[in-house]
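Just so it is clear, the values below take in all heavy atoms, side chains as well, and ignore hydrogens, waters and symmetry mates.
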Amino acid sequence: MANFAKPSAPRFSVEVYQNEFLPEGGRDVHAIVTVTSTGGAAATRAAATRGSAAVVIMVDCSGSMEYPPDKMRGAREATAAAIDTLRDGTAFAVIAGTHVAKEVYPGQGRLAVADAATRDQAKEALRSLSSGGGTAIGTWLRLADGLLRQSTATIRHGILLTDGRNEHEDPAVLRATLEACAGRFTCDARGVGTDWEVKEVTGIASALLGSADIVADPAHLSEDFTLMMENVMGKEVADVALRLWTPVGVEIQYVKQVAPTVQDLSDRRTEAGPRAGDYPTGSWGDESREYHVCVRVPAASVGQEMLAARATLLLPGAPGEPPATRAQGLVRAVWTDDLVASTAINAQVAHYTGQAELAQAIQQGLEARKMGDVDGATAKLGRAVQLASASGNADTAKLLAKVVDVVDAAAGTVRLKAKVADADEMTLETRSIQTVRVKKS
């Protein structure tokens, strides 16, 4: 493990957990790369007056937000709570989203700068929010992108709330918009009520490296928005990349974030020179994340060893300057005839492989349930219960228990419940990618 830091910047560290031993002819090397950032809280406080963040809040104002009326009321209150959480000096704007996107505050294609006066003005402007029209989320994101692009802030972030499906826009338009916005800002997405599409909301958050969640009861929106904004205000560094360099003959099979959520980054690679590629990780505050890296090395004989990959954390440099290296870790391969050594599975690798399988089993099980495939749904959700129990993922286990009756958690024996509340099923699907940390000795 290596560390690099400079005064007033968060300190990053990289640790690699793996079993480097392979049997003769073995080729696949698995490693968990743990990235930790510390010291960002002090740096954030020091940067509070430098305008280091820009945030755009997108509020669904389509006709369905009026049914029941507490959705629109909850959205206004939640947006006001988020505005109150803004740090002085933060650039911000509020957008009302229907089949078109309209600026609510400050207007005229501008961003306001947060202080006591502008926060009060913004909250007053929220009184004008009313419901009516359709839903075209791509237009909301494009307007947010345009507003954020005029800011020089380090952290550029969106918060998006919707209560319905993206019915007034071709799906291809939304996909193209997400591709265009990716890398320009991050975005947290929330679905309120139970009439929205889980895959749409989670897809938006995934594409823009943010979080997704359900707020089934509008009364809880203010609390959720406050926590989201506090998280944004805690970010200090944006556009951090995980660079993987591999020697000649080594192929990267996949790169996945596995904690705190499962997110496949494999197809987001951008080439960064000979045998090197960068994978985006978004914005960081004081936190730790874990990544599962799998590489395929050339077959070799007993006694040989090699560097299979080098993982480096890169922070964006000043304009015109290359990215700055903050930390790095090494993934190794050693061939042995020791059967015990070569067949042992590293505890971190085993744990997060199980967590990724858990997320997949839940998603496949719920899909089978929607299709009326009782046997398939029972098998997949039973496996999910088994994995949640074995890994100590108590939160997911509780969510699963609202969808199935658990007969034997250890064996994965379950029965599908005859009736399941929409909110319970959607909560399980939305939060299926949330993982628990491995207990490291």
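Side-chain contact annotation: Ser211 with Asp188, donor-acceptor N/O pair under 3.5 Å present. A donor-acceptor contact closer than 3.5 angstrom is absent between the side chains of Asn393 and Ser391. Of the N and O atoms on the side chains of Thr427 and Asp424, not one donor lies less than 3.5 Å from an acceptor on the other residue. With no hydrogens or angles considered, no side-chain donor-acceptor pair links Gln434 and Thr396 at under 3.5 Å.
Within 6.0 Å of CD1 on Ile345 lie no more than 12 heavy atoms contributed by other residues, nucleotides or ligands. When the shell of 6.0 Å around CD of Glu223 is examined, it contains 12 or fewer heavy atoms from other residues, nucleotides or ligands.
Residues that satisfy the ring pair (Phe, Tyr, Trp, His ring centres under 6.0 Å) test with Trp196, not counting sequence neighbours, are absent from this structure. Partners of Thr353 by side chain to side chain donor-acceptor pair (under 3.5 Å), not counting sequence neighbours: none found. The salt bridge (Lys or Arg N to Asp or Glu O under 4.0 Å) check on Arg165 picks up Glu197, with sequence neighbours excluded. Listed by chain and number, the residues in a salt bridge (Lys or Arg N to Asp or Glu O under 4.0 Å) with Glu429 are Lys199, Lys370 (sequence neighbours excluded). In terms of the side chain to side chain contact (heavy atoms under 4.5 Å, CB included) criterion, residue partners of Asp224 (sequence neighbours excluded) are, by chain and number, Arg190, Val215, Met228. For Glu425, the salt bridge (Lys or Arg N to Asp or Glu O under 4.0 Å) partners are Arg369, not counting sequence neighbours. Qualifying ring pair (Phe, Tyr, Trp, His ring centres under 6.0 Å) partners for Phe225, counting only residues two or more places apart in sequence or in other chains: none. Taking Phe92 as the reference, Tyr105 meet the ring pair (Phe, Tyr, Trp, His ring centres under 6.0 Å) condition, with sequence neighbours excluded. In this view, Thr186 and His157 satisfy the side chain to side chain donor-acceptor pair (under 3.5 Å) rule, not counting sequence neighbours. Remark: Asp213 engages Arg431 in a side chain to side chain donor-acceptor pair (under 3.5 Å) (not counting sequence neighbours). For the salt bridge (Lys or Arg N to Asp or Glu O under 4.0 Å) test, no residue two or more places apart in sequence or in another chain qualifies with Arg110.
Remark: of the listed residues Gln364, Glu357, Gln360, Glu357 is the sole one forming a side-chain hydrogen bond (donor to acceptor under 3.5 Å, both in side chains) with Arg383.
In terms of heavy atoms, Leu400 sits closest to Ala388 at CD1-CB, 4.2 Å. When every heavy atom of Ala308 is checked against every heavy atom of Thr246, the shortest pair comes out as O-CG2, 3.7 Å. Scanning both residues, Leu265 and Tyr291, for their nearest heavy atoms gives CD1-CE2, 3.9 Å. The two residues Ala311 and Val33 come nearest to each other via the heavy atoms CB-CG1, 4.3 Å. Of all the heavy atoms in Asp88 and Arg119, the pair that sits closest is OD1-NH2, 2.7 Å. Val56 and Ala144 get closest at one heavy-atom pair: CG1-CB, 3.8 Å.
Judged purely by atom type and a 3.5 angstrom limit, Gln355 has no side-chain atom pairing as donor or acceptor with the backbone of Thr435. A donor-acceptor contact shorter than 3.5 Å is absent between the side chain of Asp278 and the backbone of Ala241. A donor-acceptor contact shorter than 3.5 Å is absent between the side chain of Glu167 and the backbone of Gly134. The main-chain N or O of Gly285 is found under 3.5 Å from a side-chain atom of Ser37 such that the two form a donor-acceptor pair. Of the possible donor and acceptor atoms, one in the side chain of Thr281 sits under 3.5 Å from a partner among the backbone N and O of Val240. In terms of modelled atom types and a separation under 3.5 Å, the side chain of Arg243 and the main chain of Gly277 share no donor-acceptor contact. Of the possible donor and acceptor atoms, one in the side chain of Thr343 sits under 3.5 Å from a partner among the backbone N and O of Leu339. Asn19 places a side-chain N or O within 3.5 Å of a backbone atom of Ala341 that can act as its donor or acceptor partner. Panel note: side chain Gln150, backbone Gly109; a donor-acceptor pair is recorded below 3.5 Å. Remark: side-chain polar atoms of Gln386 are not paired, donor with acceptor, to backbone N or O of Ala409 under 3.5 angstrom.
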query: Given the rule in the side chain to side chain contact (heavy atoms under 4.5 Å, CB included) test, do Phe21 and Asp338 qualify, once you have shown the distances and angles that lead to the verdict?
result: CA-CA 9 Å; Phe21 295 105; Asp338 184 333; over 6 Å; no
message: Between Thr154 and Glu236, does the side-chain hydrogen bond (donor to acceptor under 3.5 Å, both in side chains) criterion hold? Intermediate values first, please.
response: CA-CA 7 Å; Thr154 303; Glu236 174 61 15; over 6 Å; no
message: Could you walk me through whether Arg87 and Ser52 satisfy the side-chain hydrogen bond (donor to acceptor under 3.5 Å, both in side chains) test, starting with their C-alpha distance in whole Å, then the side-chain angles of each, then the deciding distance to 0.1 Å, before giving a yes or no?
response: CA-CA 10 Å; Arg87 192 174 59 226; Ser52 59; 2.9 Å; yes
field: Worked check of side chain to side chain contact (heavy atoms under 4.5 Å, CB included) between Met229 and Ile159
entry: CA-CA 8 Å; Met229 191 62 81; Ile159 289 178; 3.9 Å; yes
task: Dump the intermediate steps for side chain to side chain contact (heavy atoms under 4.5 Å, CB included) on Met306 and Trp335, then the final yes or no.
output: CA-CA 9 Å; Met306 70 175 294; Trp335 285 265; 3.8 Å; yes
- prompt: Would Thr430 and Val201 count as a side chain to side chain contact (heavy atoms under 4.5 Å, CB included) if you check the C-alpha gap in whole Å, the side-chain angles of each, and the deciding distance to 0.1 Å?
  reply: CA-CA 9 Å; Thr430 305; Val201 171; over 6 Å; no
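Salt bridge Arg156/Asp145: absent, no basic N to carboxylate O contact under 4.0 Å. Between Lys256 and Asp264 there is no salt bridge, since no side-chain N of the basic residue sits under 4.0 Å from a carboxylate O of the acidic one. We find that Arg437 and Glu290 are joined by a salt bridge, their nearest charged nitrogen and carboxylate oxygen being less than 4.0 Å apart.
Distance check, rounded to the nearest 0.5 Å: CG of Leu141 to CG of Leu208 gives 6.5 Å. Here Thr139 contributes atom OG1 and His99 contributes atom NE2; the two are 9.0 Å apart, rounded to the nearest 0.5 Å. To the nearest 0.5 angstrom, Asp195 atom CG is 10.5 Å from Thr135 atom OG1. If you take CG on Leu86 and OG1 on Thr118, they are separated by 8.0 Å, rounding to the nearest 0.5 Å. For the atom pair CG (Leu428) and CG (Leu399), the distance works out to 5.5 Å, reported to the nearest 0.5 Å. Atom NZ in Lys123 sits 12.0 Å away from atom OG1 in Thr79 (nearest 0.5 Å).
Within the structure, ring pair (Phe, Tyr, Trp, His ring centres under 6.0 Å) pairs that include any residue of residues 230-269 comprise Tyr254-His292 (at least two apart or interchain).
Using a 30° and 60° split on the angle between ring planes, Phe12 and Trp284 fall in the perpendicular class, above 60°.
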